[in-house]
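These values consider heavy atoms only, across backbone and side chains, with no hydrogens, waters or symmetry-generated copies. Residue indices begin at 1 and follow the sequence shown.
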Amino acid sequence: MTDVDLEFARVRAVLDRPTLRLMSRPTSATVLAVFRTVFDRDVQYVPADRMHLQVEEHVARLQATGARVPASEQNGEAGADDSRPNGRALCREWVGAQWLVRSNSPDGDEQYSLTSHALEALSLVDALSADRALISESRLAMIVDAVHRWAARAEPDPDVQIRRIDAQIAELQAERERLEHGGVDTVDDARMRDGYTNISDLIRQLPSDFKRVEEAVATMHRSIVEDFRQEVRPIGEILDDYLARTDNLMEATPEGRAFEGAFELLRDDALLLRLRDDIATILAHPFAESLGAGERRAFRNTVSILRQGIEDVLAQRRQLTATLRDQIVAHDVVRDRELDAVIRSINRGLATWMDRGSARDRLPLGLLPATAEVGTLRERFYDPDAESVPPPIEEPDDEVFDELDVETLRRHGGPLLTELRAALRFAAGDSSVDAFHELPPEQRRPVELFGLAHLLTGHEDFESAAHVAEHRTVRPDGSPVAFHMPTAALTDEHRPVTPDTTHDEHAQEAR
């Protein structure tokens with residue numbers, strides 16, 4: 001074969017992948033939009049019934065706007081509306097196209113999840129939709145740092161490694177002295193935005209990488225189970241093959257190596273804590289004010305993405321191990337052969353019937369096994385406890401209970417949102433903790449902190465925990481107790497409006 005033939009075969013194999021088939025169809029925009037809407041960044045699994053309804057609603061809405069939508073089979077249902085898409089049929093087609101996976105949840109309910117091909121397509125769309133330069137300072141610096149770090153690890157001469165470490169120490173010491181004498185460099189928003197975009201591109205690829213490892217384990221699971229059922233090899237040989245393929249999966253594939261690296265990362269608590277702190281530091285830079293709430297939430301949930309991806313892979317491995325254990329413990333060769341003989345005889349009998357009869361002939365088919373004829377059985381037997389008279393109900397003594405009034409119940413009840421809202425609205429201080437301390441002792445119970453957190457939800461300072469202050473509370477019995485929780489600045493636009501304030505009162509305050 002010539003070079004062009006080889007290149008043509010390679011390109012055609014790539015174009016036949018489910019990822020590019022998803023992006024090259026005329027209805028790709030509709031399918032990808034539905035996937036992005038149903039499977040949010042925080043949603044990985046959707047129940048089957050809910051998925052069918054959401055697909056029907058979203059596709060029908062896009063169809064009404066004139067978008068080109070995929071056609072679905074109506075499954076021969078009587079009275080089906082041809083103009084409305086069938087969510088179940090569409091999901092079944094997408095499962096066959098390797099864009100969706102249908103599995104069982106831990107509760108036994110059916111659910112859908114995206115395959116690695118669909119996640120890769122969504123990641124590519126997100127990357128292409130962002131306005132950024134492909135060659136940037138942060139990306140080149142990351143490449144240079146990675147090459148330098150791995151070159152140091154690949155160096156076999158210990159003297160050269162020592163010289164590299166000494167040079168790094170000298171460079172860090174000079175940087176420390178420069179910072180100690182006030183030489184602080186301020187990074188502008190443009191460069192921070194470029195670095196954030198580069199990191200986000202790498203984070204966006206993590207779900208599809210983990211999903212590929214999960215699918216590889218599932219493929220190995222099906223292959224090994226098939227070997228068990230066909231009995232083409234001894235059980236010991238199948239187990240040896242399983243262990244060898246598991247090691248090869250985690251060492252010989254890029255996805256497996258990424259999984260092992262992420263697994264090592266999550267086992268290092270100090271490194272994980274440093275990652276959280278670094279993410280918080282990046283989001284505290286002024287450039288982060290230009291990011292949307294969804295972008296900040298996705299960047300902050302990087303560690304959660306790692307945890308969820310590793311948990312999914314480990315769940316597939318646990319399922320494979322459980323299947324192997326069940327096959328080894330409960331495998332009965334004799335019983336399986338008897339069952340196979342019975343099934344083969346049924347198939348032969350069915351083939352004989354099909355040759356002799358026509359499509360409209362009716363043949364009596366007995367139940368296997370036959371219905372047992374059993375007379376009436378007793379459902380209940382004599383029980384002395386059921387026949388005895390229950391003991392009399394003792395009347396409670398009302399004098400043993402203390403009388404409760406409304407004020408006592410209110411002291412032990414939930415937070416007083418009306419009083420808290422008024423305190424935040426008309427507080428003399430500039431922060432929520434000052435407004436809280438201005439309340440009387442009977443309104444500064446520990447439970448009022450839950451109401452304060454509820455009223456401050458959505459405040460950027462409170463949710464980012466930029467400032468944590470001590471809140472001194474008083475229990476209903478009069479004992480003081482202090483709690484530390486985030487506080488927020490009370491500017492005019494962040495002060496809550498009291499719902500019972502009338503228009504006349506506002507006019508009077510204005511005068």
**Study point:** Considering all heavy atoms, the nearest Val481-Arg475 contact
**Key:** CG2-NH2, 3.9 Å
Practice item. List the steps and the verdict of side-chain contact (heavy atoms from CB on, under 4.5 Å) for Asp430 and Leu490. Key: CA-CA 5 Å; Asp430 296 332; Leu490 296 178; 5.9 Å; no
Study note, to complete from the structure: Tightest non-hydrogen contact, residues Leu22 and Ala121, listed as CD2-CB, 3.7 Å
Check your understanding: Looking only at heavy atoms, what is the nearest atom pair of Cys91 and Val55, with distance?
Key -> SG-CG2, 3.9 Å
Check your understanding: What residues, two or more places apart in sequence or in another chain, satisfy side-chain hydrogen bond (donor to acceptor under 3.5 Å, both in side chains) together with Gln443?
Key -> none
Review point. Considering residues at least two apart in sequence or located in another chain, which fulfil the side-chain hydrogen bond (donor to acceptor under 3.5 Å, both in side chains) criterion with Asp157?
Key: none
Check your understanding: Are Thr473 and Leu449 side-chain neighbours, meaning at least one heavy-atom pair lies under 4.5 Å?
Key -> yes
For residues 94-101, run the donor-acceptor check on the side chains, cut-off 3.5 Å, and write out each pair with its distance to 0.1 Å, sequence neighbours left out.
residue, atom, partner, partner atom, Å
Trp99, NE1, Pro18, O, 3.1
Trp99, NE1, Ala97, O, 3.3

**Study point:** Nearest heavy-atom neighbours spanning Ala48 and Arg102
**Key:** CB-NH2, 4.0 Å
Check your understanding: Do other residues, nucleotides or ligands put more than 12 heavy atoms under 6.0 Å from Arg472 CZ?
Key -> no
Point to revise | Side-chain heavy atoms of Val125 within contact of Met23, under 4.5 Å | key: yes
Exercise for review: Applying side chain to side chain contact (heavy atoms under 4.5 Å, CB included), name anything that partners Ser116, two or more places apart in sequence or on another chain.
Suggested key: Lys211, Arg212, Glu215
Point to revise | Check: His58 side chain, Ala33 main-chain N or O, donor-acceptor pair, under 3.5 Å | key: no
**Study point:** ring-ring contact (aromatic ring centres under 6.0 Å, His included) partners for His437, two or more places apart
**Key:** none
Practice item. Look only at the side chain of His471 and the backbone of Ala469, and say whether a donor-acceptor pair between them is shorter than 3.5 Å. Key: yes
Exercise for review: Taking side-chain hydrogen bond (donor to acceptor under 3.5 Å, both in side chains) as the test, write out the residues that go with Arg12, two or more places apart.
Suggested key: none
Revision key, fill the gap. Looking only at heavy atoms, the pair that brings Ser432 and Thr487 closest together is OG-OG1, 2.7 Å
Check your understanding: Do you know which of Val38, Thr37, Asp49 makes side-chain contact (heavy atoms from CB on, under 4.5 Å) with Gln54?
Key -> Val38
Point to revise | Nearest heavy-atom neighbours spanning Ser113 and Phe39 | key: CA-CE2, 3.8 Å
Review point. Who pairs with Arg164 by side chain to side chain contact (heavy atoms under 4.5 Å, CB included), at least two apart in sequence or on another chain?
Key: His148, Ala151, Ala152, Val160
Review point. Taking only residues two or more places apart in sequence or in another chain, which ones pass side chain to side chain contact (heavy atoms under 4.5 Å, CB included) with Val69?
Key: Thr30, Val59, Leu62, Gln63
Exercise for review: Kindly indicate, with the supporting measurements, whether the criterion side-chain contact (heavy atoms from CB on, under 4.5 Å) is fulfilled by Gln111 and Asn104.
Suggested key: CA-CA 6 Å; Gln111 61 185 5; Asn104 292 329; over 6 Å; no
Study note, to complete from the structure: Those residues at least two apart in sequence (or on a different chain) that pass ring-ring contact (aromatic ring centres under 6.0 Å, His included) with His52 are Tyr112
Revision key, fill the gap. Residue pairs passing the salt bridge (Lys or Arg N to Asp or Glu O under 4.0 Å) test with at least one member in residues 446-456, sequence neighbours excluded, are Arg445-Glu448
Point to revise | For Asp434, all residues meeting side-chain hydrogen bond (donor to acceptor under 3.5 Å, both in side chains), sequence neighbours excluded | key: Ser431
Practice item. May I ask you to decide if Leu439's main-chain N or O and Arg444's side chain share a donor-acceptor pair within less than 3.5 Å? Key: yes
Study note, to complete from the structure: Residues passing the ring-ring contact (aromatic ring centres under 6.0 Å, His included) test with Phe287, sequence neighbours excluded, are Tyr196, His285
Review point. Is a salt bridge present between Glu120 and Arg17, judged by a nitrogen-to-oxygen distance below 4.0 Å?
Key: yes
